[in-house]
Amino acid sequence: METAFQRDSLDNQILSALMQEARTPFAELAKRFGVSAGTIHVRVEKMKQAGIITGAQITVNPKALGYDVCCFIGINLKSAGDYPAAIAKLNALEEVVEAYYTTGNYSVFVKVMCQSIDGLQHVLINRIQSIDEIQSTETLISLQNPIVRAVKP
């Protein structure tokens with residue numbers, strides 16, 4: 001459950017350090033910031049309770065796993081009421097790695113990762129465009145991802 005929480009500079013320093021390397025021991029952070037390991041632990045727990053820290057994860061290089069094609073697909077639904085069913089069906093597709101409910105030209109915008117253009121064509125034609133709730137799609141293939149960063153605390 002999220003609670004009201006006011007971050008201070010120490011909280012921001014802890015967040016920045018953990019965002020760079022989530023496995024940094026609390027004792028190391030304590031030494032770096034001139035506080036006790038207990039203080040780091042308490043601060044991290046409070047940020048978890050406030051919903052600021054929601055987990056720690058390992059990032060992988062999709063290309064190293066054979067996923068060479070990244071694309072974004074703008075999706076127009078047949079009607080606004082089709083959103084829940086469409087999202088449930090998109091969520092079942094492992095190639096869909098992100099989805100956003102948006103304003104503007106598309107109802108939904110998804111990020112799709114595939115191992116090849118042939119794989120993308122199969123996913124697009126046989127899996128995404130066959131979803132009954134989807135009226136139309138527009139696909140944008142990513143050539144490069146030159147900027148990747150998290151928000152600053």
Side-chain angles (χ1 to χ4, degrees), residues 1-77 80-116 119-120 123-124 127-128 131 133-134 137-153:
M1 182 171 110
E2 293 185 21
T3 59
F5 182 81
Q6 291 292 322
R7 292 186 332 267
D8 63 16
S9 64
L10 178 58
D11 295 318
N12 289 339
Q13 290 175 322
I14 293 167
L15 279 174
S16 292
L18 292 175
M19 288 170 68
Q20 287 178 359
E21 177 53 68
R23 297 181 301 174
T24 305
F26 287 176
E28 183 180 320
L29 294 176
K31 186 182 286 187
R32 188 182 313 171
F33 304 131
V35 297
S36 72
T39 297
I40 300 293
H41 176 75
V42 168
R43 296 290 187 110
V44 168
E45 287 304 313
K46 284 184 179 180
M47 287 188 279
K48 284 180 182 178
Q49 290 173 3
I52 294 169
I53 295 175
T54 58
Q57 53 193 167
I58 293 173
T59 56
V60 297
N61 178 351
K63 284 191 179 287
L65 296 175
Y67 290 89
D68 290 326
V69 178
C70 172
C71 73
F72 299 91
I73 303 173
I75 298 172
N76 290 308
L77 300 176
D82 289 332
Y83 175 73
I87 287 298
K89 292 174 182 177
L90 289 166
N91 190 40
L93 305 178
E94 66 184 29
E95 296 87 357
V96 175
V97 296
E98 294 180 32
Y100 300 89
Y101 191 30
T102 63
T103 63
N105 293 333
Y106 307 108
S107 305
V108 178
F109 207 68
V110 296
K111 179 179 178 181
V112 172
M113 297 294 298
C114 294
Q115 294 184 328
S116 65
L120 171 59
V123 169
L124 190 58
R127 302 186 77 197
I128 293 176
I131 295 173
E133 294 80 6
I134 293 178
T137 64
E138 181 177 0
T139 304
L140 306 163
I141 295 176
S142 171
L143 300 176
Q144 213 178 57
N145 185 234
I147 300 171
V148 178
R149 63 176 157 233
V151 297
K152 287 183 129 190

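- Considering every non-hydrogen atom in both Ala50 and Phe5, the closest pair reads CB-CB, 3.5 Å.
- When all heavy atoms are compared, the tightest approach of Leu77 to Asp82 is CD1-C, 4.2 Å.
- The NZ atom of Lys46 sits 12.5 Å away from atom CD of Gln6, with the distance rounded to the nearest 0.5 Å.
- If you take CD on Glu94 and SG on Cys114, they are separated by 9.5 Å, rounding to the nearest 0.5 Å.
- Closest approach of Met47 to Ile14, counting heavy atoms only: CE-CG2, 4.0 Å.
- Between Leu18 and Thr24, the shortest heavy-atom contact is CD2-O, 4.2 Å.
- Between His41 and Phe26, the ring-plane angle classifies as tilted under the 30° and 60° cut-offs.
- Minimum interatomic distance between Phe72 and Ser142 (heavy atoms only, all atoms of both residues): CE1-CB, 4.0 Å.
- For the atom pair Asp11 CG and Arg43 CZ, the distance stands at 4.5 Å (nearest 0.5 Å).
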Let me see the working for Lys63 and Asp68 under side-chain contact (heavy atoms from CB on, under 4.5 Å), right down to the final yes or no.
CA-CA 5 Å; Lys63 284 191 179 287; Asp68 290 326; 4.0 Å; yes
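- Residues Leu10 and Thr39 are in side-chain contact: their nearest non-hydrogen atoms beyond the backbone lie under 4.5 Å apart.
- A salt bridge (charged side-chain N to carboxylate O under 4.0 Å, His left out) check over residues 137-153, counting only residues at least two apart or in different chains, returns nothing.
- For residues 52-62, there are no salt bridge (charged side-chain N to carboxylate O under 4.0 Å, His left out) pairs, not counting sequence neighbours.
- Contact check for Phe109 versus Leu140: side-chain heavy atoms found under the 4.5 Å cut-off.
- Atoms CD and CD1, on Glu45 and Ile53 in that order, are 8.5 Å from each other to the nearest 0.5 Å.
- What you find for Ala17 and Leu29 is that their closest heavy atoms are CB-CD2, 3.5 Å.
- Checked against Leu90 for a side-chain contact (heavy atoms from CB on, under 4.5 Å), the options Ile73, Val112, Val110 give a single hit: Val110.
- Between atom CD of residue Glu98 and atom CE of residue Met113 there is a gap of 10.0 Å, rounded to the nearest 0.5 Å.
- One finds the CG atom of Leu15 at 6.5 Å from the CZ atom of Arg7 (value rounded to the nearest 0.5 Å).
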Decide yes or no on side-chain contact (heavy atoms from CB on, under 4.5 Å) for Asn145 and Cys70, but give the supporting numbers first.
CA-CA 9 Å; Asn145 185 234; Cys70 172; over 6 Å; no
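- Applying the ring pair (Phe, Tyr, Trp, His ring centres under 6.0 Å) criterion to Tyr83, with sequence neighbours excluded, gives Tyr101.
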